[in-house]
Amino acid sequence: MPRSPFSGTPEHIADEIQKWHEQEAADGFVLRPFISETFHQFVEKVVPILQEHGLYDTSYESNTLRGNLNLSVPANRYSQTKGEFVYDSQINR
(Lines give C-alpha, C1' and ligand atoms only; values in the text may rest on other atoms or scores of the structure.)
Protein backbone atom coordinates (compact mmCIF):
# COMPACT_ATOMS: atom_id res chain seq x y z
CA MET A 1 0.00 0.00 0.00
CA PRO A 2 1.53 3.36 -0.98
CA ARG A 3 2.22 5.84 1.80
CA SER A 4 0.21 9.06 1.77
CA PRO A 5 2.16 12.26 1.07
CA PHE A 6 0.18 13.71 3.98
CA SER A 7 1.84 11.65 6.69
CA GLY A 8 4.91 12.53 8.68
CA THR A 9 5.92 15.49 10.79
CA PRO A 10 3.60 18.49 11.17
CA GLU A 11 6.04 20.55 9.08
CA HIS A 12 6.01 17.98 6.27
CA ILE A 13 2.22 17.78 6.25
CA ALA A 14 1.91 21.59 6.18
CA ASP A 15 4.48 21.77 3.36
CA GLU A 16 2.56 19.17 1.32
CA ILE A 17 -0.72 21.02 1.82
CA GLN A 18 0.96 24.27 0.76
CA LYS A 19 2.54 22.61 -2.29
CA TRP A 20 -0.77 21.16 -3.45
CA HIS A 21 -2.51 24.50 -2.88
CA GLU A 22 0.13 26.52 -4.77
CA GLN A 23 0.11 24.07 -7.70
CA GLU A 24 -3.70 24.32 -7.76
CA ALA A 25 -3.87 20.58 -7.26
CA ALA A 26 -6.47 21.07 -4.53
CA ASP A 27 -8.78 23.79 -3.34
CA GLY A 28 -9.56 22.11 -0.05
CA PHE A 29 -8.94 19.01 1.98
CA VAL A 30 -11.22 16.59 3.79
CA LEU A 31 -9.81 15.39 7.07
CA ARG A 32 -10.76 11.89 8.07
CA PRO A 33 -8.87 11.11 11.27
CA PHE A 34 -9.33 7.55 12.44
CA ILE A 35 -9.29 8.59 16.07
CA SER A 36 -10.13 11.92 17.66
CA GLU A 37 -6.58 12.34 18.96
CA THR A 38 -5.33 12.52 15.36
CA PHE A 39 -7.66 15.44 14.67
CA HIS A 40 -6.52 17.24 17.82
CA GLN A 41 -2.88 16.74 16.84
CA PHE A 42 -3.59 18.19 13.39
CA VAL A 43 -5.32 21.23 14.89
CA GLU A 44 -2.63 21.80 17.52
CA LYS A 45 0.44 21.17 15.35
CA VAL A 46 -0.34 21.61 11.64
CA VAL A 47 -2.91 24.43 11.67
CA PRO A 48 -0.53 26.92 13.37
CA ILE A 49 2.06 26.27 10.63
CA LEU A 50 -0.58 26.80 7.94
CA GLN A 51 -1.60 30.04 9.69
CA GLU A 52 2.02 31.24 9.68
CA HIS A 53 2.17 30.54 5.94
CA GLY A 54 -1.06 32.49 5.36
CA LEU A 55 -2.97 29.42 4.20
CA TYR A 56 -5.40 29.23 7.09
CA ASP A 57 -7.35 32.21 8.40
CA THR A 58 -6.72 33.28 11.94
CA SER A 59 -9.90 35.31 12.40
CA TYR A 60 -13.34 35.64 10.92
CA GLU A 61 -15.83 38.49 10.99
CA SER A 62 -18.75 36.22 11.86
CA ASN A 63 -19.13 33.07 13.89
CA THR A 64 -21.17 31.30 11.18
CA LEU A 65 -20.36 30.18 7.64
CA ARG A 66 -23.43 32.06 6.39
CA GLY A 67 -22.14 35.25 8.01
CA ASN A 68 -18.63 34.84 6.59
CA LEU A 69 -20.09 34.37 3.11
CA ASN A 70 -22.27 37.48 3.59
CA LEU A 71 -25.47 35.51 3.06
CA SER A 72 -28.70 36.70 4.59
CA VAL A 73 -30.69 34.43 6.87
CA PRO A 74 -33.68 33.10 4.92
CA ALA A 75 -37.13 33.09 6.42
CA ASN A 76 -37.86 29.90 8.30
CA ARG A 77 -40.86 28.33 6.61
CA TYR A 78 -41.57 26.28 9.73
CA SER A 79 -41.74 29.16 12.18
CA GLN A 80 -44.86 31.19 12.72
CA THR A 81 -45.46 34.66 14.01
CA LYS A 82 -47.94 35.19 16.81
CA GLY A 83 -50.69 36.26 14.37
CA GLU A 84 -50.36 33.11 12.26
CA PHE A 85 -51.21 30.56 14.96
CA VAL A 86 -54.40 28.63 14.46
CA TYR A 87 -56.01 27.62 17.71
CA ASP A 88 -58.23 24.58 18.24
CA SER A 89 -61.18 26.86 18.91
CA GLN A 90 -60.83 28.34 15.38
CA ILE A 91 -60.69 25.04 13.49
CA ASN A 92 -64.35 23.91 13.77
CA ARG A 93 -66.12 27.19 13.19
Side-chain angles (χ1 to χ4, degrees):
M1 176 182 230
R3 186 176 172 158
S4 168
F6 299 102
S7 61
T9 65
E11 292 80 11
H12 175 76
I13 295 169
D15 289 344
E16 282 296 312
I17 290 173
Q18 182 171 0
K19 182 172 78 175
W20 281 51
H21 175 73
E22 289 173 351
Q23 294 175 353
E24 298 181 354
D27 60 1
F29 295 90
V30 176
L31 301 176
R32 295 185 345 162
F34 295 105
I35 55 175
S36 65
E37 182 61 30
T38 306
F39 178 75
H40 293 296
Q41 288 176 352
F42 182 87
V43 170
E44 292 172 3
K45 297 179 180 180
V46 178
V47 169
I49 297 168
L50 296 173
Q51 289 173 330
E52 288 174 12
H53 295 181
L55 295 173
Y56 194 97
D57 285 337
T58 57
S59 64
Y60 296 94
E61 292 181 20
S62 177
N63 61 355
T64 65
L65 177 61
R66 180 176 299 284
N68 287 316
L69 296 176
N70 295 320
L71 300 173
S72 62
V73 178
N76 185 338
R77 63 182 174 177
Y78 299 106
S79 68
Q80 298 173 322
T81 62
K82 190 171 185 176
E84 294 175 329
F85 284 103
V86 176
Y87 299 96
D88 291 337
S89 62
Q90 296 172 319
I91 295 174
N92 295 322
R93 284 190 181 182

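Residue numbers run from 1 in the order of the sequence given. This one's a predicted model, so the numbers in the text were calculated from it and none came from an experiment. For the numbers below, each heavy atom of this structure counts, side chains included, while hydrogens, waters and symmetry mates do not.
- In this view, Ser72 satisfies the side-chain hydrogen bond (donor to acceptor under 3.5 Å, both in side chains) rule with no residue, not counting sequence neighbours.
- Put simply, the side chain of Tyr56 does not reach to within 4.5 Å of the side chain of Val46, judged on heavy atoms.
- Heavy-atom neighbours of Glu37 CD from other residues, nucleotides or ligands within 6.0 Å: above the threshold of 12.
- For the pair Glu61 and Asn68, the tightest heavy-atom approach, listed with the atom from each and the gap, is N-OD1, 3.5 Å.
- Judged as a ring pair (Phe, Tyr, Trp, His ring centres under 6.0 Å), the pairs with a partner in residues 3-26 (not counting sequence neighbours) are, in order, Phe6-Trp20, Phe6-Phe29.
- For Glu16, the salt bridge (Lys or Arg N to Asp or Glu O under 4.0 Å) partners are Lys19, not counting sequence neighbours.
- Counting heavy atoms of neighbouring residues, nucleotides and ligands inside a 6.0 Å radius, atom CG of Asp27 does not exceed 12 of them.
- Closest of all the heavy-atom pairs between Ser62 and Gly67 is OG-CA, 3.5 Å.
- Of the inter-residue distances, the one linking Gln18 atom CD with Leu55 atom CG reads 5.0 Å to the nearest 0.5 angstrom.
- For the side-chain contact (heavy atoms from CB on, under 4.5 Å) test, residues two or more places apart in sequence or in another chain that qualify with Ile49 are Pro10, Glu11, Ala14, His53.
- Atom CG of Leu50 and atom CD1 of Ile17 lie 5.0 Å apart (nearest 0.5 Å).
- Residue Leu71 is found in a hydrophobic cluster whose other members, listed by chain and number, are Leu65, Leu69; membership requires side-chain heavy atoms under 4.5 Å apart, directly or through intermediates.
- Cluster partners of Val73 are absent, since no Ile, Leu, Val, Met, Phe, Trp or Tyr has side-chain heavy atoms less than 4.5 Å from it.
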